Amino acid sequence: MNNAPIGVFDSGLGGLTAVRELRNVLPNENIIYFGDTGRVPYGTRSNSTIKRYAMQDAKFLLKHKVKMIIAACGTVSSVATNLKNDLPVPYTGVVSPTCFAAAKATKNKKIGVIGTSATIHSHSYRDMLKKFDSDIEVIEQDCPLFVPLVESGFIDKDDEVVRLVIERYMNHIKGAGVDTVILGCTHYPIIKEAISCVMGEEVTLIDSGKETAIYAAKILKENNLLTGRTYKGESEFYVSDTPDGFESVAGVFLGENVSHSVEQINIELY
Ligand code: DGL
């Protein structure tokens, strides 16, 4: 049993979709969230920069004595693959749990993967899916406009702009006849409904934040690290840019009204 908080980080606010699921799966746990809003997006940066940023983010969380670290970011999980070996606490990214769920879900063994450019160019999801089942055919597509779309509040499935952008990226994957699509970036669950409208209801969308929260709960249980608390846990939020407007945007990602305080920190100190 361990009452220390779980540390979660992302390049920005997308990782809050994982926090939402974590709170469903493990309601009594405390959570420390860091969103690197001053340096988002990571998905267009070089591998060495993404690795350096990820290490700083993890160090910030370790300062808060977290018992586990979750990189709730497809980009970090795909590029900073050595992070796990450099940390003194259990760690997970989103790639492995998400691929596990997708490999289980597909019936026709054709899976689409969408993510940031860094994620797609790393082929992290493709390689992991092939490890689970080498017969799976993987169709990859980077969607660089999705993150700015979400961050700018273009999330409504009935919005023509949203539909057109999604169609532009997804047509190639749709044409390949996939029955499952991995939302390989933690921002994408926010436009899940809109993606589903384009892909069709019969296509299963796998939410990386959700699958990772389920996997994190498993790791904590196996390591006897679950809290003994019997009441609802609390969440603390930290960002690296001004926290102005955090509450309304975070509310969209968390799926609830946010009344928590948020603090700005200098991530370059870590
Ligand atoms: N949330 C990040 C991810 O899952 C995307 C945002 C970014 O490019 O930094 O990849």
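What you see is a predicted model; the values in this text were computed from it and never measured. We count ligands from 1, going down the list as the structure has it; atoms in each ligand are counted the same way.
- Close contacts between ligand 1 and Thr116 involve ligand atoms 5 (C), 8 (O), 10 (O) [criterion: under 4.0 Å to a heavy atom].
- For the pair Cys185 and ligand 1, the shortest N or O to N or O distance does not fall below 3.5 Å.
- To the nearest 0.5 Å, the span separating CD1 on Ile120 from OH on Tyr125 amounts to 8.0 Å.
- Classified by interplanar angle (parallel below 30°, tilted 30° to 60°, perpendicular above 60°), the ring pair His64/Tyr238 is tilted.
- Taking atom 4 (O) of ligand 1 as the reference point, the nearest protein heavy-atom neighbour is Gly74 N, 2.7 Å.
- Geometrically, Arg39 engages Tyr53 in a cation-pi contact defined by less than 6.0 Å to the ring centre and at most 45° from the axis.
- For atom 6 (C) of ligand 1, the closest heavy atom belonging to the protein is Ser11 OG, 3.3 Å.
- Between Lys110 and Asp179 there is no salt bridge, since none of the side-chain N atoms of the basic residue sits less than 4.0 Å from a carboxylate O of the acidic one.
- With hydrogens and angles disregarded, a donor-acceptor distance shorter than 3.5 Å links the side chain of Thr212 to the backbone of Ser208.
- Only side-chain heavy atoms of Asp10 come within less than 4.0 Å of ligand 1; its backbone N, CA, C and O stay farther off.
- An N or O contact shorter than 3.5 Å is missing between Ala72 and ligand 1 by distance.
- Of all protein heavy atoms, the one lying nearest to atom 8 (O) of ligand 1 is Gly43 N, 2.9 Å.
- Among the atoms of His187, some N or O lies under 3.5 angstrom from an N or O of ligand 1.
- The pair Glu29-Lys67 meets the salt-bridge criterion, since a charged nitrogen lies less than 4.0 angstrom from a carboxylate oxygen.
- Contacts between Thr75 and ligand 1 below 4.0 angstrom, taking non-hydrogen atoms only, involve backbone and side chain alike.
- For the ligand labelled ligand 1, residue Gly12 lies outside the 4.0 Å heavy-atom shell.
- For the residue pair Ser46/Thr49, the side-chain donor-acceptor check at 3.5 Å is satisfied.
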